[in-house]
Amino acid sequence: MFVASPGDVSEEREVLESVVTELNHTWSKSLGVRLELLRWETSTRPGIGSEPQAVINSQIGDEYDVFIGILWGRIGTPTAKAESGTLEEFERAHARWVADRSSLEIMVYFKDKPIKPSEIDGDQNNRVQHFKRSLGDEGVLHRTFEGIENFESLVRAHLSAVAQNWSRGQTSSAQSLVSPPVVLPTVDAGVSTEAEGDEELGFLDHLDRFGMSVEQMNAGLHAIADATASMGEQMNRRTAEIQEIGEVSDPQQMKDARRAVKAAAEDMSRYVDILDGQLPLLTRSRKEAFEAISKALSLYDDFDSEDTSQIDQLRIALCTMVKAASGSLDSMRGFKATVGGLPRLTSDLNRAKRRVVKSLDEVVAEIEAIISTANSLIGSLP
């Protein structure tokens, strides 16, 4: 992945690197995918060319799979070919995409946070806004974020989806190693019974697969929890502003209040994007985890019946899963009630509320499925 940005979003660049490190720890073993972040600070060396940007271009090259652009109030320093180095890097990536739409993914983020008056460069900011408007004509869907925590939640969710997509692509191009699952009668694992051939896998192999899928499931739950906590903080900041609407009579105050309501609706839309990105990953890891454990239990008769250590460890793992998922379930239900209780102030806010409630209903249903299936497995253990 190559990250392009001017110098006023250095904090976001550092956060991006920490998220990549975190996701590599989570996904690399279980998905067989590792993310490598290319930054001019760490991925280039001193050199000479027609201009500094030419040196960066030649050393970074075009062999990356994901382009990430981050902008705020500055467009950057002009180059010989574009308004700035960041825009030249975007144009190179976009040209690749136009030539071959499967060649890379393009993800562009804009920071939507007030800039100190003493630090505003009107011309630079206008160029950023012009570029932002132009992305629609180029077919590029961008995302905005309000602060560093919001950016971290967004990029974690989006890169998780990238890793999952790459993993699915690798799996589909290789010979399948999955056989028809042997599911205990009391367990509804929600998995297909049409997969093929893993007769060579043993009890411990299936337990390893279970463990990796649980790691993925936990990562999805953590991403949702982080996004929910961030959304809760944003709502707290907006609530006081929104509640003032009933006391506003001055036209300028009313305008400010409406702006606050619109911002709250945009916050909710970004939150829904994160939930909708994480939900399919959560569902997939749940199905894979319970398929693996069902297969492991079908092989348990091969063991000495007096040795229950593996089953005891599995029972502890499932009980821990139920406890963690139950805590997430209570949190999601509580947040859904909070959002549903917001006053109906504008059509934008009402639509955003409905989207949040709908997405939270789906997340709640998924967590309930995790708890129900785990409890069924616990009850079926020897």
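FYI, side chains are in, hydrogens and waters are out, and symmetry mates aren't considered; it's all heavy atoms of this structure. Residues take their numbers from the sequence shown, with the count starting at 1.
Within the structure, the salt bridge (charged side-chain N to carboxylate O under 4.0 Å, His left out) test picks out the following pairs touching residues 340-356 (sequence neighbours left out): Asp273-Arg355, Asp348-Arg351.
Here CG of Asn24 is found 5.0 Å from CG of Leu35. Values are rounded to the nearest 0.5 Å. With rounding to the nearest 0.5 angstrom, the CG atom of Asn375 is 8.0 Å from the SG atom of Cys319. One distance of note links CZ of Arg13 with CD of Glu11; it measures 13.0 Å at 0.5 Å rounding. Note that the CZ atom of Arg333 and the CG atom of Leu329 stand 3.5 Å from one another [nearest 0.5 Å]. Annotation: the span from Asp8 atom CG to Asp121 atom CG amounts to 10.5 Å, rounded to 0.5 Å. Residue Ser285 holds its OG atom at 4.5 Å from CE of Met217, rounded to the nearest 0.5 Å.
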Kindly determine whether His158 and Met107 satisfy side chain to side chain contact (heavy atoms under 4.5 Å, CB included), including the steps that lead there.
CA-CA 9 Å; His158 296 162; Met107 297 158 46; 3.7 Å; yes

Please determine whether side chain to side chain contact (heavy atoms under 4.5 Å, CB included) holds for the pair Gln313 and Ile316, giving the CA-CA distance in whole Å, both sets of side-chain angles, and the decisive distance to 0.1 Å.
CA-CA 5 Å; Gln313 292 178 22; Ile316 292 171; 5.6 Å; no

Apply side chain to side chain contact (heavy atoms under 4.5 Å, CB included) to residues Lys358 and Val272 and explain how you reach the verdict.
CA-CA 9 Å; Lys358 179 177 180 296; Val272 169; over 6 Å; no

Pair Phe145-Phe110, ring-ring contact (aromatic ring centres under 6.0 Å, His included): steps then yes or no:
CA-CA 6 Å; Phe145 64 94; Phe110 290 92; 9.1 Å; no

Does the pair Leu37 and Leu16 meet the rule for a side chain to side chain contact (heavy atoms under 4.5 Å, CB included), with working shown?
CA-CA 9 Å; Leu37 185 62; Leu16 176 61; 3.9 Å; yes

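Closest non-hydrogen pair, Met231 versus Asp267, comes out as SD-O, 3.6 Å. The minimum heavy-atom distance linking Ala265 with Ala352 is given by the pair O-CB, 3.7 Å. The two residues Glu12 and Phe151 come nearest to each other via the heavy atoms O-CE2, 3.4 Å. Here the closest non-hydrogen pair linking Leu87 and Ala82 is C-CB, 4.3 Å. In this structure, Val363 and Leu279 approach most closely via the heavy-atom pair CA-CD1, 4.0 Å. Minimum interatomic distance between Leu135 and Phe90 (heavy atoms only, all atoms of both residues): CD2-CZ, 3.6 Å.
Under the side-chain contact (heavy atoms from CB on, under 4.5 Å) rule, Met332 has a single partner from Asp361, Ile224, Leu221, which is Ile224.
Remark: aromatic rings of His142 and Tyr109 are distant, center separation not under 6.0 Å.
Between Arg315 and Asp312 there is a salt bridge, since at least one side-chain N of the basic residue sits less than 4.0 Å from a carboxylate O of the acidic one. Salt bridge absent: Asp100 and Arg96 never bring a charged side-chain N and a carboxylate O closer than 4.0 Å. Taking the charged nitrogens against the carboxylate oxygens, Arg284 and Glu288 do have a contact shorter than 4.0 Å, which makes a salt bridge.
Under the 3.5 Å distance criterion, the side-chain polar atoms of Ser331 are left unmatched by any main-chain donor or acceptor of Gly327. With hydrogens and angles disregarded, a donor-acceptor distance shorter than 3.5 Å links the side chain of Thr338 to the backbone of Gly334. Looking at Ser372, its side chain never comes within 3.5 Å of a backbone N or O of Glu368 through a donor-acceptor pair. Side chain of Ser230 to main chain of Ala227: no donor-acceptor pair is present (N/O by atom type, distance under 3.5 Å, no hydrogens or angles). For the pair Ser18 (side chain) and Val15 (backbone), a donor-acceptor distance under 3.5 Å is present.
Lys262 places none of its side-chain heavy atoms less than 4.5 Å from the side chain of Thr346. You'll find the side chain of Met268 reaches within 4.5 Å of the side chain of Leu342, heavy atoms only. Using a 4.5 Å heavy-atom cutoff, the side chains of Val128 and Gln124 are not in contact. Using a 4.5 Å heavy-atom cutoff, the side chains of Thr144 and Arg270 are in contact. Side-chain contact check for Tyr271 versus Leu360: some heavy-atom pair is nearer than 4.5 Å.
Below 30°, between 30° and 60°, or above 60°: for Phe210 and Phe290 the angle between ring planes is between 30° and 60°, a tilted geometry.
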Sequence neighbours left out, cut at 3.5 Å: what donor-acceptor pairs do the side chains of residues 61-77 make with other protein atoms?
from: Asp62; atom 1: OD1; to: Arg92; atom 2: NH2; distance (Å): 3.1
from: Asp62; atom 1: OD2; to: Arg92; atom 2: NH2; distance (Å): 3.4
from: Trp72; atom 1: NE1; to: Lys113; atom 2: O; distance (Å): 2.9

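Other residues, nucleotides and ligands contribute over 12 non-hydrogen atoms within 6.0 Å of the NZ atom of Lys132.
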